[in-house]
Trainee: 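Got a structure here, written out as structure tokens. Questions coming.
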Amino acid sequence: QLGQHVMREYPDILEMVILDGANALSRQSWVEDRGLDIEFGMTNLAERCAADAKCIAAYPDILGLVDQTLQILAEGNLPYTYTSPEDPDLVIEGDVSASEMVDFLYGFQSDKNNVFSIPYLLSNFVQPETRQIVVDTIAQHEATRIISSREQTAGGLAYLMHLAVVCSDDPVKSLDVVILDGVGELGTIFAEHGAKAYISGCAQINVTELPDSTDENVTAVIPTLILSGDLDVATPAFRSQIVADALPNATHVIFPGHTHVQLGQFNACASNVFTQFIADPTGELDTSCLAEVNVLGFLLPDGTYSVEAEP
């Protein structure tokens, strides 16, 4: 979104623009549609599984597995103890709650490799004999995040910079901005948990809000390339298309089997398209490589994949 503001305010300094995933500025809140989008992503994944003979045989009801998982956690959090392998004296105790599970699933949805492991993870969690394996996996993830946060000011995600952008453009002030009509338990937990974090963060950072006039979509004539993954839940392709529709010189390329951010996920086809656009931003792009994108298969219960990876 920051890039789109630059396009509107300073078009003369730009020869071309590349948006690697985008949400429209007409969106009224950073969190308004997060519940809808995480559920879209899970439904999209289930439909992809249904079209894969081996996957649908192993996981005939992915959305049902999601419901079962949340029902188990509705009965109570699951405790864990994590001991750092680097420092045996560093022990972290916690528990896996429904919101932590949903955030963990969202993280998997956002990674082009892990997204195809979601049915496997859910299937193991709903079975009592393998549930602890999943709890331990989430525990390691959470504990590692806690430990690394101690060094966060030294590098990594510039969270305050992120908040400065989010909280200046329609800051999250109330749960009322979250769209929950037609949203199930998965989306509700995710959206409300995320909104509460932004409500707290925006209250602390207290930056000046942009005027309502900035909520209109950009219509600059700058040559623009928009890249999307068809499994992206952070900036779903259909939301990026809203941005493309408002731009008279935009090309929107959607990569099958990919999630959020194309240029940082070893996407050779995206690099090819990117290079062409840089060389000639007004020329016609050759996107024939889309037909050759190596889409991963689903991780199956026996540890194999529904589609063998190409060498």
Side-chain angles (χ1 to χ4, degrees), residues 20-22 33-70 101-102 104-127 130 134 182-187 190 226-242 244 251-262 265-270 272-273 286-311:
D20 198 352
D33 43 29
R34 284 168 67 89
L36 292 166
D37 290 350
I38 190 174
E39 292 206 341
F40 155 78
M42 200 62 74
T43 300
N44 192 17
L45 189 69
E47 291 174 352
R48 181 178 287 272
C49 177
D52 181 321
K54 292 183 178 179
C55 181
I56 194 63
Y59 312 111
D61 187 7
I62 292 176
L63 300 183
L65 289 174
V66 173
D67 291 340
Q68 291 179 58
T69 295
L70 296 179
M101 170 62 81
V102 170
F104 187 74
L105 289 175
Y106 180 77
F108 266 46
Q109 284 181 292
S110 302
D111 183 277
K112 77 165 190 174
N113 296 314
N114 288 337
V115 66
F116 294 103
S117 300
I118 288 177
Y120 176 85
L121 182 145
L122 294 172
S123 179
N124 277 283
F125 185 80
V126 301
Q127 300 176 54
T130 53
V134 180
V183 176
E185 188 175 5
L186 173 73
F190 179 69
I226 301 176
L227 307 176
S228 293
D230 71 347
L231 291 176
D232 188 1
V233 291
T235 53
F238 67 89
R239 299 205 185 279
S240 291
Q241 186 60 44
I242 297 172
T251 301
H252 185 199
V253 183
I254 303 173
F255 299 87
H258 282 259
T259 54
H260 187 52
V261 181
Q262 307 313 306
Q265 294 217 23
F266 306 105
N267 186 335
C269 184
N272 179 299
V273 172
D286 178 2
T287 59
S288 59
C289 61
L290 291 172
E292 302 170 1
V293 171
N294 185 16
V295 179
L296 297 177
F298 286 87
L299 179 60
L300 300 174
D302 63 1
T304 63
Y305 287 87
S306 61
V307 177
E308 293 187 11
E310 296 180 6

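Worth knowing before you read on, the calculation uses all heavy atoms, side chains too, and leaves out hydrogens, waters and symmetry mates.
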Trainee: Would you find a donor on one side and an acceptor on the other, under 3.5 Å apart, between the side chain of D20 and the backbone of Q262?
Mentor: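 Present.
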Trainee: Taking L65's backbone N and O only, do any of them form a donor-acceptor pair with T69's side chain (distance below 3.5 Å, no angle check)?
Mentor: yes
Trainee: Any donor-acceptor pair under 3.5 Å linking the side chain of E39 with the backbone of G184?
Mentor: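 Checking the backbone N and O of G184 against the side chain of E39, a donor-acceptor pair under 3.5 Å is found.
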Trainee: Would you find a donor on one side and an acceptor on the other, under 3.5 Å apart, between the side chain of S117 and the backbone of L299?
Mentor: no
Trainee: Parallel under 30°, tilted from 30 to 60°, perpendicular over 60°: which one fits the rings of F255 and H258?
Mentor: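 Plane angle over 60°, so perpendicular.
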Trainee: So, F40 versus F238, ring centres under 6.0 angstrom or not?
Mentor: yes
Trainee: Can you check whether A237's main-chain N or O pairs, donor with acceptor, with S228's side chain at less than 3.5 Å?
Mentor: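 A pair under 3.5 Å: no.
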Trainee: Ignoring hydrogens and geometry, is there a side-chain-to-backbone donor-acceptor pair from N124 to T130 under 3.5 Å?
Mentor: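 A pair under 3.5 Å: no.
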Trainee: With sequence neighbours left out, what residues match T235 under side chain to side chain donor-acceptor pair (under 3.5 Å)?
Mentor: D232, H260
Trainee: Excluding sequence neighbours, so at least two apart, what forms side chain to side chain contact (heavy atoms under 4.5 Å, CB included) with Q109?
Mentor: I38, M42, Y106, I118, V233
Trainee: Could you tell me if the side chain of L45 sits less than 4.5 Å from the side chain of F298, heavy atoms only?
Mentor: yes
Trainee: Verify, without hydrogens or angle tests, whether D33 (side chain) and L36 (backbone) share a donor-acceptor contact under 3.5 angstrom.
Mentor: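 Not a single qualifying donor-acceptor pair exists.
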